[in-house]
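In what follows, a structure is listed as structure tokens, so that the remarks can point back to it.
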Amino acid sequence: MGRELTAPIRIPAAFCLFLTVALRAGAAVPLVALEEAGQLAPGGAFALSMPSAAVRLPGDQWAILDGVNDRIVITDGEGNGLRTLGQDVLNAPLGLTRSSEGLFWVADSANGRVVALSVSGDIEAEHTLPRTGRQPPEPVDLAWLQEGRVLAVVDNNNHCIHQLDVLSGEWGATWGSAGTQLDQLNHPFTVAIGPTGLMAIVDVINSRVLCREPEYDFNFQIGEWGVDAGALYRPKGVAFDRFGRVWVTDSVYGVVQVFTDSGDLIAVAAEAGEVRHFRTPTRLAFDERGRLAVVEMLANRVTLWSIAE
Amino acid sequence: MRWPLAAALAVAAVSGAPSQRTDSRSCALCHLSWMPAFLDEGRNGELMALPESNVVNSVDMCFSCHDGSVVDSRERVFLQHGHSTGVTPPEGMEIPEELPLDAGGDISCATCHTAHGTDMRRMDMANAVFLRVENQDSQMCAMCHGETMEGLGRRNHAVGVDLGGGWPEALAQSVATQGQSHQLVCQSCHAAHGSSDENLLALPMDQSQLCSACHTGHLPTGDLARPGNHPAVDNCTTCHRMHESESESALLFRDNRDDGLCLFCHTDMQVLAGSRHHLSETAPDLANASSLTPRQSGSCSGCHAVHHARGPLLWAREPAAGAAGDGALCLSCHAEDTGLGLPAIGDFSHPVGVSAASLGDTGGLPLFDDALRREAAGDVGCGTCHSVHETRLRRSNEGDALCLTCHGEQAEQLAGGHHDLGEAGGPCASCHAVHQAHGPGLAARPLAESDAPAHERVCRSCHGDADWPEAGSPDRHLHPLHSDDGDLRCASCHDPHRLPEGGPSTRLASAGDSPLCRDCHARQAEVVGSSHGRSSEDLCGTCHRFLDDDGSRRLFAAQASEDAVAGLCQTCHTVALHSHPRAVAPDASHRPDHLPLFSARGERGSDGVITCATCHNPHDGAASDFLRPAQEGDPALCVDCHHGRRAVAGTAHDLRQGVAGASLCAPCHRAHPPDNTGLLWGHDLGPGPDFVTQACTGCHREGGDARPLAPETTRHPSEAVILESPPGIPLYDIHGRSGGAGEITCATCHDVHRWTARADQDSGGEGTVLTSFTRPGVAEELCATCHGQEALVRYLLYHRGQRWGRPALVPWSGE
């Protein structure tokens with residue numbers, strides 16, 4: 001586990017400030033304390049059905065990818081539904097990000113494409129994934145490699161990552177293939193790009209987060225198969241906080257763990273001194289105040305957490 | 001990516017990782033309890049406690065891959081309805097060992113599925129569903145649900161039926177599948193996962209969409225507007241059971257041979273028992289249009305078909321063509337031509353499909369709308385009087401009580417009256433037969449032998465019949481009646497129900513100001529207040545006759561005459577001898593454009609003659625002298641016949657002098673001149689030897705209105721009398737009558753009604769002696785026509801007399 005070769009250390013010295021250490025049952029599990037700050041579970045016509053992603057919007061609003069309902073639900077900061085968009089064009093979408101110009105970029109999974117929706121729900125761009133393997137492409141997540149210009153798109157079916165130049169509409173390099181090696185993936189699900197350009201890919205069946213340093217063409221993994229702190233079983237979501245720390249969810253264990261960007265465990269998310277078990281936690285997101293949003297798919301909600309720094 | 005649950009298991013196949021690692025780790029991808037910390041060390045993990053069960057049967061474990069991270073089954077498996085899990089199989093259901101229940105004896109995902117499923121051997125991961133037993137032909141379903149797999153013989157919906165390639169499109173678009181040999185299987189209707197229906201149906205059933213995917217002729221909608229099928233109270237399952245039905249026939253939930261199914265809901269139809277319409281007893285082999293008999297399908301099926309019905313009320317027989325309302329249904333049996341020998345209603349029967357609004361209260365008898373549903377403002381139907389399920393009248397007709405429910409008002413009017421015969425125990429049946437009547441009006445008596453229209457023959461069956469000498473005969477009536485297709489008949493004036501003894505015989509009074517007549521003849525009512533309408537005792541009867549008292553068939557109250565109209569007029573009016581001719585047919589050049597001609601009996605007709613009413617409308621009290629108005633654009637009534645006289649308008653002989661409404665002809669002519677004059681002359685006469693000359697000199701003389709144009713000589717020399725005139729040159733006798741023989745006078749050369757166009761060309765509109773109002777050709781050849789080569793000599797003698805020592809007859813105006 002961790003880097004196998006020397007690499008620049010990007011963890012800020014302040015990260016240890018939020019770390020607390022709790023002793024439980026004779027084992028020392030480092031915990032990071034969370035305090036619930038609210039939840040996004042709109043009702044009525046905006047009720048969620050197995051949501052998979054959430055994105056913070058300006059004006060204290062959230063965009064939640066309500067995949068089974070084939071739509072994006074916009075809520076206020078209290079979780080009240082404001083409007084929906086995309087329900088006429090999306091089909092079982094799984095991944096969502098936003099560009100600085102305000103477009104919603106969606107991994108429209110069952111349609112095998114990436115689409116950009118305006119705030120009114122109109123399709124502003126549409127890019128069908130290239131077929132690179134035996135299986136039809138299935139985009140499940142996407143993140144900005146270069147803000148507003150290049151997207152990294154996860155192709156779950158073909159165990160790879162595509163690059164999309166959204167300005168030219170051309171697909172660039174494809175990285176990854178099926179397997180367990182450090183340049184291989186087995187059903188990648190989510191992707192996040194750190195502040196230094198580090199790409200973190202949740203490699204579900206390999207039970208790890210595969211990190212790739214594009215600049216050095218160097219890969220390493222976070223987490224390994226196991227049942228103890230720092231291990232992963234069904235990793236699902238990954239996100240970088242403002243300090244570059246890597247937050248990872250595990251849907252079977254129901255936990256959120258924090259790692260350095262070199263792969264070392266920092267802590268397990270906890271509430272009231274106990275490891276916090278979420279209901280099928282999937283993707284993660286942070287707002288501008290540093291609060292953590294956890295998408296709990298089978299609970300049909302997004303929970304917001306303040307992190308004790 | 002659709003069903004790669006085994007993707008995790010396939011790690012070894014795609015990774016090339018060491019086999020030992022693959023064996024242990026790959027299994028533990030699902031078998032969480034096999035993680036080394038749990039299996040080998042038997043301890044809790046820091047992130048998860050030691051699992052209690054060793055079996056992979058957790059929904060959450062399945063969802064950990066089927067949440068989209070490996071395959072997206074969120075909607076189909078985890079949101080929509082799926083085969084029950086977490087429940088104990090029902091009592092009596094035997095679960096084979098190959099399909100294990102969980103530790104608690106409940107059904108779980110693993111009961112049907114295993115990552116080591118058989119289909120992995122022949123299917124790729126994308127299509128494998130990891131079933132423990134192959135199920136394409138429902139083999140696995142039958143292992144538990146065998147009772148429902150044995151087809152109609154066990155009162156279940158058929159399976160194994162070859163669809164013949166006819167897989168319905170609606171099912172093709174759903175999660176349903178057909179068997180390997182294109183036969184019906186469990187999955188043709190049910191889906192273990194991905195159904196929106198709690199019974200795991202492939203299509204919804206709120207409108208029976210699943211059933212109607214195959215049974216296309218059966219589309220129950222709960223709306224009678226879609227005829228042919230029983231309205232589904234809920235859906236097809238209201239009557240049908242797809243599994244374990246009570247009846248082998250059509251999978252009915254109750255056997256219907258004794259009408260048990262129908263009567264289960266239609267409890268009020270229990271009254272059918274014992275009635276003649278209880279067909280399973282009275283006509284058990286009377287097949288309906290679908291060849292089903294009451295013996296096979298119950299009494300109801302004799303008349304009603306829950307599917308493939310032929311008409312409203314789910315009618316099971318072919319409705320009678322052309323019949324209205326529910327009559328079309330009843331007549332499918334109760335008509336002569338059905339061959340069933342049942343009571344028939346005949347050609348004349350109580351009307352159905354007609355509004356009962358004029359009857360007011362129907363006393364609770366039902367009326368029906370177009371769909372034959374009961375509607376208070378609906379129409380009369382057979383069911384208004386008949387309770388067809390009880391085969392009886394809705395109420396007794398003793399003393400015509402049923403009839404009087406609606407027709408009570410007529411009975412009250414009839415009571416004690418001329419037509420209150422009381423022959424049949426009630427007021428109605430003496431004259432009316434509700435069915436099998438002899439003619440219009442539900443005539444109960446045979447119609448009189450006559451060429452008259454049927455409605456008149458109904459009346460004649462008593463009136464005029466030798467057996468009823470006291471009844472008035474229609475033959476005495478002079479007012480014409482229309483044919484059967486028309487509206488005017490005896491009952492137009494006479495209300496047969498309102499004939500009180502000694503009272504008026506007509507609906508309205510004919511005497512007085514004649515409201516009976518005026519009800520139709522509204523225009524003639526304008527006579528009121530005029531000199532023709534001053535009688536307060538008998539407005540119309542003063543001039544008209546209605547009954548032929550003397551056998552003369554005269555329409556008018558005057559002595560018989562060759563000209564009935566004039567005869568009537570002359571009853572009061574004395575007309576001068578030399579009035580406008582009458583009682584003559586106009587020749588072709590005088591056929592009126594609009595004015596009427598009349599027969600000798602006074603009936604209008606184009607082949608009639610001119611009579612008083614040709615010009616006069618005796619009922620138009622507002623018109624001057626009762627004259628008919630001139631047609632728009634015509635200067636006088638006269639020109640409607642005297643077409644050529646229109647030409648005088650605008651000439652010097654148009655003497656109206658711009659007076660609005662003045663007659664073009666009246667300055668010179670009168671239709672009824674006071675004196676014995678020719679040409680119906682109505683102006684002053686002047687000097688002259690004959691009437692025409694006198695008429696002209698009435699104006700064209702010294703002191704006359706046309707003095708400046710007075711000719712010095714007005715007449716051809718008498719010694720030059722011509723006995724025979726050429727064509728177009730009229731001669732006149734001294735009384736002004738024209739003809740081929742006579743004398744030359746003014747009108748011989750002049751047409752006083754037509755200005756000569758040449759006059760405008762030659763003299764600026766003033767004309768000369770040769771052009772002013774002269775007939776065509778006068779200027780060129782008139783003299784030569786008669787005088788031939790002597791014409792010039794005679795002309796000089798006539799007009800240049802000075803040269804011969806005598807005065808010229810016509811002043812010479814130049815060389």
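Values below: every heavy atom of this structure, side chains too, minus hydrogens, waters and symmetry copies. A note on names: the letters A, B, ... follow the listed sequences, proteins ahead of strands, and every chain is numbered from 1.
- Judged by distance alone, with hydrogens and angles left aside, the side-chain atoms of B/Arg74 form no donor-acceptor pair with the main-chain N or O of A/Leu298 at under 3.5 Å.
- When all heavy atoms of A/Val140 and B/Gly68 are compared, the pair lying nearest together is CG1-O, 4.1 Å.
- By the side-chain hydrogen bond (donor to acceptor under 3.5 Å, both in side chains) test, B/Asp67 pairs with A/Lys236, B/Ser69, sequence neighbours left out.
- Interatomic distance, CG of B/Leu47 versus OH of A/Tyr233, reported as 13.0 Å (0.5 Å rounding).
- In this structure, CE on B/Met35 lies 9.0 Å from CG on A/Asp228, to the nearest 0.5 angstrom.
- Within 6.0 Å of CH2 on A/Trp175 lie more than 12 heavy atoms contributed by other residues, nucleotides or ligands.
- The backbone N or O of A/Ala229 lies less than 3.5 Å from a partner atom in the side chain of B/Glu46, making a donor-acceptor pair.
- With a 4.5 angstrom heavy-atom cutoff, A/Ser207 touches chain B via backbone and side-chain atoms both.
- Salt-bridge formation is not detected for the pair A/Arg234/B/Asp60: no Lys NZ or Arg NE/NH1/NH2 atom is positioned less than 4.0 Å from an Asp or Glu carboxylate oxygen.
- Minimum interatomic distance between A/Val204 and B/Val70 (heavy atoms only, all atoms of both residues): CG1-CG2, 4.4 Å.
- Of the two parts of A/Pro235, neither the backbone nor the side chain holds a non-hydrogen atom closer than 4.5 Å to a non-hydrogen atom of chain B.
- For A/Met50, the parts sitting under 4.5 Å from any heavy atom of chain B are the backbone and the side chain alike.
- Counting heavy atoms from C-beta outward, B/Ser64 and A/Tyr253 have side chains that stay 4.5 Å or more apart.
- Most heavy-atom pairs under 4.5 Å with chain B: of the set A/Gly67, A/Gly254, A/Pro137, A/Ser49, this distinction falls to A/Gly67.
- More than 12 heavy atoms of other shown residues, nucleotides or ligands fall within 6.0 angstrom of atom CD in B/Gln180.
- Interface residue A/Val68: backbone and side-chain heavy atoms are both found under 4.5 Å from chain B.
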